[in-house]
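Take this structure first; my questions come after.
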Number of protein chains: 2
Amino acid sequence: MNLYFCVVKKKEIHFRSDCPIGKTLDILGDKWSLLIVRDLVFKGKNTYGDFLNGGEGITTSVLADKLALLECGGIISKGTHPESKAKILYSLTPKGIDLIPVLVEVIEWSEKHHEVHPFATSFVKQLKKDKAGVIKMLRQSLK
Amino acid sequence: MNLYFCVVKKKEIHFRSDCPIGKTLDILGDKWSLLIVRDLVFKGKNTYGDFLNGGEGITTSVLADKLALLECGGIISKGTHPESKAKILYSLTPKGIDLIPVLVEVIEWSEKHHEVHPFATSFVKQLKKDKAGVIKMLRQSLK
DNA sequence: CAAATTCACTTGGAAATTCCAAGTGAATTT
DNA sequence: AAATTCACTTGGAATTTCCAAGTGAATTTG
């Protein structure tokens, strides 16, 4: 992975600096990308149509753009779908799977400071008991 | 904190859903906001001018906008600067300080998967030894 | 103590991104 | 064979970001 560029399949990510937080934002710093990762990790979604009807109402053009950028950033990869040739199976790369601890901290923070869905509240309770175990289980579920 | 809105001083944040990750992105989901938080936590920056010359080159209009949104989102607050009346002191709220574990996970993830500044690499080594201790120290440094 | 500078912004306009609705072609189902 | 599903693309409007310049209050300088 280059220090200041990343070009894959026509898409290009320009890294502004060698700051780890800055680089993360260059890949994931928008309103949608992390929701796609969330759908992959927590909701078992893995097709274009799944993401499109994923709750928050991303538009199709933005979805196409974000999927390409996530692929360029090494977070997701495209594969053949077991059910049909018409479908494309999106999955997290190891780099994408490694985002789970970040997601977990985000959920914990947000649950503490906002009103959120009851499911999130009970998820955070699980985390308080055994964070490492929860993360391990989530990793397993993506194998 | 309301479930779907947050309006403070003319600025407004609209929460798309009751998902904790979604709400986080509604406040912090852009290319700049988290860098401002980073500057506050890790670089001891706390004035408008500090952020403006903060390395990555945010523009003044975007900075003004992001500061207002971060304030609206309850992440930062404005105060009087001890040195001068012309300056405004920005500081993290308790909610903003609670972002430290999120930042730490982001740094750990990004350092693993990208080439980053040597400082980040040695910081991650510290984390491997005693993550809780490092987080505690960072919290202390903001008191 | 008047003039220059610092400081935290605002303003105006161009460029980029996002939103929205409609359309396309390959694969699948009816 | 026709209709539907699927993963997109296209075109255009709305919003956000970028860029350069300007503003007024507070502070420093000559």
Side-chain angles (χ1 to χ4, degrees), chain A residues 8-17 22 25-36 39-40 45-73 76-91, chain B residues 8-17 22 25-36 39-40 45-73 76-91:
Chain A
V8 178
K9 293 181 187 172
K10 301 288 169 89
K11 281 290 169 180
E12 181 174 328
I13 292 173
H14 173 249
F15 295 121
R16 287 167 289 183
S17 66
L25 295 178
D26 290 330
I27 301 175
L28 295 166
D30 63 76
K31 298 246 182 278
W32 295 106
S33 296
L34 212 60
L35 291 184
I36 296 172
D39 284 351
L40 282 160
K45 308 203 171 201
N46 47 37
T47 66
Y48 194 94
D50 283 347
F51 301 132
L52 204 54
N53 308 314
E56 279 90 354
I58 193 171
T59 61
T60 175
S61 52
V62 172
L63 177 57
D65 188 57
K66 294 309 173 192
L67 286 173
L69 283 169
L70 284 171
E71 196 187 357
C72 171
I76 62 174
S77 61
K78 292 164 108 169
T80 57
H81 198 285
E83 284 176 12
S84 151
K85 277 187 189 175
K87 292 186 180 180
I88 288 179
L89 185 86
Y90 287 95
S91 39
Chain B
V8 178
K9 293 180 188 173
K10 301 286 169 91
K11 280 289 168 181
E12 181 174 329
I13 292 172
H14 173 250
F15 294 121
R16 288 168 288 184
S17 67
L25 295 178
D26 290 331
I27 302 175
L28 295 166
D30 63 75
K31 297 246 181 277
W32 295 106
S33 297
L34 212 59
L35 291 185
I36 295 171
D39 285 351
L40 283 160
K45 308 202 170 202
N46 47 38
T47 66
Y48 194 92
D50 283 348
F51 301 133
L52 204 53
N53 308 314
E56 279 90 354
I58 192 172
T59 61
T60 175
S61 53
V62 173
L63 176 58
D65 187 57
K66 294 311 171 191
L67 286 172
L69 283 169
L70 284 171
E71 195 185 358
C72 171
I76 63 173
S77 61
K78 292 163 108 169
T80 57
H81 198 284
E83 283 176 13
S84 151
K85 277 188 188 174
K87 293 187 181 180
I88 289 178
L89 185 87
Y90 287 94
S91 40

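Letters go in sequence order (proteins before strands), and every chain restarts at 1.
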Query raised in the report: Is it true that D26(B) and K31(A) make a salt bridge, defined as a side-chain N closer than 4.0 Å to a carboxylate O?
Result: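 No, this pair does not count.
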Query raised in the report: Out of D39(B), T60(B), L35(B), which one pairs with F51(B) under the side chain to side chain contact (heavy atoms under 4.5 Å, CB included) rule?
Result: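 Exactly one pass, corresponding to D39(B).
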Report summary line: When rounded to whole Å, the CD1 to C1' distance for the pair I88(A) and dC6(D) reads 9 Å
Report task. For side chain to side chain contact (heavy atoms under 4.5 Å, CB included), just list the numbers for H81(A) and I88(A), CA-CA rounded to whole Å, side-chain angles, deciding distance to a tenth of an Å, and then say yes or no. Result -> CA-CA 5 Å; H81(A) 198 285; I88(A) 288 179; over 6 Å; no
Report task. Indicate whether OP1 or OP2 belonging to dC7(C) is found under 4.0 Å from a side-chain N or O atom of K78(B). Result ->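 For dC7(C), neither OP1 nor OP2 has a side-chain N or O of K78(B) closer than 4.0 Å.
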Query raised in the report: If you look at every strand shown and take non-hydrogen atoms under 4.0 Å, does F51(B) touch a base, only sugar-phosphate, or nothing?
Result: nothing
Query - Identity of whatever pairs with dC7(C) - Watson-Crick or G-U, under 3.5 angstrom - result: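 Base-paired to dG24(D).
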Query raised in the report: Can you tell me the Watson-Crick or wobble partner of dA2(C), both distances under 3.5 angstrom?
Result: dT29(D)
Query - Rounded distance in Å - CG (L63(B)) to P (dC7(C)) - result: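 About 14 Å, once rounded to whole Å.
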**Report entry** Between dA7(D) (C1') and I36(A) (CD1): distance, integer Å
**Finding:**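 Going from I36(A) (CD1) to dA7(D) (C1'), I get 14 Å.
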Query - Closest heavy-atom pair and its distance - G22(A), R16(A) - result: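 For G22(A) versus R16(A), the nearest heavy atoms are O-NH2, 3.6 Å.
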Query - d(NE2, H81(A); P, dT5(D)) in whole Å - result: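 In whole Å, dT5(D) P and H81(A) NE2 are 16 Å from each other.
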Query raised in the report: Taking atom P of dA16(C) as reference, at what distance in whole Å does atom CG of L69(A) sit?
Result: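 After rounding, the reported distance stands at 16 Å.
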Requested in this report: Mark up nucleotides 17-30 of chain D, 5' to 3', with B wherever a protein heavy atom is under 4.0 angstrom from a base atom, S wherever such an atom reaches only the sugar-phosphate, and - elsewhere.
Outcome: SBBBB----SS---
Report task. Check whether any side-chain nitrogen or oxygen of Y90(B) sits under 4.0 Å from OP1 or OP2 of dC7(C), and answer yes or no. Result -> no
Report task. Might you point out which heavy atoms bring K66(A) and S33(A) nearest each other, and give the distance in Å? Result ->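 What the structure gives for the nearest pair is CD-OG, 3.8 Å.
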Query raised in the report: Which heavy atom in L67(A) sits nearest to a heavy atom in I36(A), and how many Å separate them?
Result: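 In this case the closest contact between L67(A) and I36(A) is CD2-CG2, 4.1 Å.
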Report task. May I have the distance from L25(A) (atom CG) to dT17(C) (atom P), rounded to whole angstrom? Result ->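 Rounded to whole Å, this separation is 16 Å.
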Requested in this report: Measure the shortest side-chain to side-chain distance between L89(B) and T80(B) over non-hydrogen atoms and say whether it is less than 4.5 angstrom.
Outcome: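 Side chain of L89(B) against side chain of T80(B), heavy atoms only: no contact under 4.5 Å found.
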Query raised in the report: L89(B) has an atom CG; how far is it from atom P of dC9(C), in whole Å?
Result: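 In whole Å, dC9(C) P and L89(B) CG are 12 Å from each other.
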Query raised in the report: Paired with dC20(C): which nucleotide, if any, by Watson-Crick or G-U wobble criteria at under 3.5 Å for both distances?
Result: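 dC20(C) is paired, partner dG11(D).
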Query - Distance, rounded to the nearest Å, where D50(B) contributes CG and dC9(C) contributes P - result: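 For the pair D50(B) CG and dC9(C) P, the rounded distance is 13 Å.
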Requested in this report: Please give the nucleotide sitting opposite dA1(D) as a Watson-Crick or G-U wobble pair, both distances under 3.5 Å, or none.
Outcome: dT30(C)
